[in-house]
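A short write-up of the structure that comes next.
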Amino acid sequence: MSNTNLSLPPPDEDAWIHTHHKLLPHWQSISHSNQSTIPISISRVNQVDAARLDVEMSAMLKEQLVKVFSLMKPGMLFQYEAELDAFLEFLIWRFSIWVDKPTPGIALMNLRYRDERAVETRGKIRTGLEGPGLTMAQKIWYCVATVGGQYIWARLQSFSAFRTWGDSEQRSLARQAWMLIQRIEGLYKAASFGNLLIFLYTGRYRNLIERALKARLVYGSPNMNRAVSFEYMNRQLVWNEFSEMLLLLLPLLNSSSIRNFLRPFSKDKASSLAEDDTACPVCLASPTIPFLALPCQHRYCYYCLRTRCAAVPSFRCSRCNEPVTAMQRHGGVSN
């Protein structure tokens with residue numbers, strides 16, 4: 001046996017190199033099979049809430065900035081509203097995304113931007129949240145699209161509306177430009193709607209800008225909860241809806257009719273009986289130009305009665321709740 005082993009020729013000096021190249025693909029397949037890429041699911045509610053909070057933050061900053069110029073000429077900021085919005089959006093971008101920090105709304109929702117292109121070519125993924133932030137080019141393009149794009153589009157729309165391009169002749173250049181703007185806006189809205197459906201299905205990329213830049217929102221910390229509680233959000237939603245309902249219903253209510261309806265239930269009936277019939281029931285002052293409401297003939301100020309009848313065609317007398325069909329000057333001819 002020993003003689004047989006001694007008779008084998010020694011291997012070549014580069015034999016181990018050939019063996020290494022031969023076993024390398026097999027080793028790479030084994031190493032990739034052992035890696036477990038964890039699929040992550042980012043809450044869609046968190047991402048939408050982050051966008052809403054950023055809008056509210058921008059509105060708060062704009063309100064404070066407008067208060068600074070409150071003593072200046074009225075309406076001066078109105079013509080520079082687009083520039084003001086662009087300036088505030090640039091400030092938020094400069095002190096958040098540009099310095100690798102999340103925007104205020106994204107930070108409250110425990111989110112951050114991640115370069116999804118780098119994650120696809122990356123090796124080890126342990127929790128699914130690893131990955132670098134946005135590159136320099138992505139940050140610049142994000143600013144160009146969100147700040148510059150919105151500003152240019154707002155100015156273009158206001159300029160076309162001021163120049164009345166839509167009312168120009170059918171074949172004029174202004175009319176064609178107006179139709180082009182409308183088509184671009186329609187295509188953008190259709191694409192945004194399609195992106196919304198994809199976002200609701202996959203949970204990635206809230207808008208077209210994030211999808212084009214491959215800037216995905218992921219959790220900043222895997223063990224951190226939402227910074228905004230559901231109780232606060234529910235309270236805000238209830239108060240917002242309640243205020244909108246009041247703004248819708250209050251103009252439809254007739255205060256005088258409600259006051260006359262509640263007068264029989266009033267506790268102070270003696271004071272209502274002893275009320276001075278010579279005073280105007282609207283301003284509660286003695287009429288300087290007394291007019292009578294017909295047919296009940298209760299006295300009013302001319303301006304009080306005239307404005308009520310002009311505002312409400314079916315105006316009823318504030319004292320007796322009778323419909324007022326005409327008005328007559330005290331001791332004169334009816335109108």
Checklist entry - Where do Gly203 and Arg44 come nearest, in terms of heavy atoms and distance? => result N-NH2, 3.5 Å
Please tabulate, one pair per line, all N/O donor-acceptor pairs under 3.5 Å involving side-chain atoms of residues 182-199, not counting sequence neighbours.
unit_1	atom_1	unit_2	atom_2	d
Glu185	OE1	Gln157	NE2	3.4
Glu185	OE2	Lys189	NZ	3.4
Ser192	OG	Tyr188	O	2.8
Asn195	OD1	Arg211	NE	2.5
Asn195	OD1	Arg211	NH2	3.4
Asn195	ND2	Tyr205	O	3.4
Asn195	ND2	Arg206	O	3.1

Checklist entry - NZ of Lys62 to CG of Leu84: how many Å apart, nearest 0.5 Å? => result 6.0 Å
Item to check | Closest non-hydrogen atom pair, Trp178 against Ala161 | outcome: CZ3-N, 4.5 Å
Next on the checklist: Side chains of Tyr142 and Glu210: any donor to acceptor distance under 3.5 Å?
Outcome noted: no
Next on the checklist: Determine whether the aromatic ring centres of residues Tyr302 and Phe291 are separated by less than 6.0 angstrom.
Outcome noted: yes
Checklist entry - Would you call Arg112 and Asp100 a salt bridge, using N to O less than 4.0 angstrom? => result no
Next on the checklist: Check the orientation of Phe90 and Trp93. Use parallel for under 30°, tilted for 30 to 60°, and perpendicular for over 60°.
Outcome noted: tilted
Checklist entry - Just how far is it from atom OG1 of Thr146 to atom CG of Asn207, taken to the nearest 0.5 Å? => result 9.5 Å
Checklist entry - At their closest point, which heavy atom of Met327 faces which heavy atom of Leu305, and how far apart are they? => result CB-CD2, 3.6 Å
Item to check | Distance, nearest 0.5 Å, that separates CZ of Arg94 from CD of Glu89 | outcome: 16.0 Å
Item to check | Atom CH2 of Trp141: over 12 foreign heavy atoms under 6.0 Å | outcome: no
Checklist entry - Can we say Asp115 and Lys214 salt-bridge, meaning some charged N sits less than 4.0 Å from an Asp/Glu carboxylate O? => result no
Checklist entry - Are Glu83 and Arg155 within salt-bridge range, i.e. N to O under 4.0 Å? => result yes
Item to check | Closest non-hydrogen atom pair, Cys283 against Cys301 | outcome: SG-SG, 3.6 Å
Next on the checklist: Could you report the tightest heavy-atom contact between Arg299 and Pro290, atom names first, then the distance?
Outcome noted: NH2-CB, 3.6 Å
Item to check | Phe315 versus Cys309, closest heavy-atom pair with distance | outcome: CD2-SG, 4.1 Å
Item to check | Residues, nucleotides or ligands: over 12 heavy atoms within 6.0 Å of Met136 CE | outcome: no
Item to check | CG-CG distance between Asn46 and Asn110, expressed to the nearest 0.5 angstrom | outcome: 8.0 Å
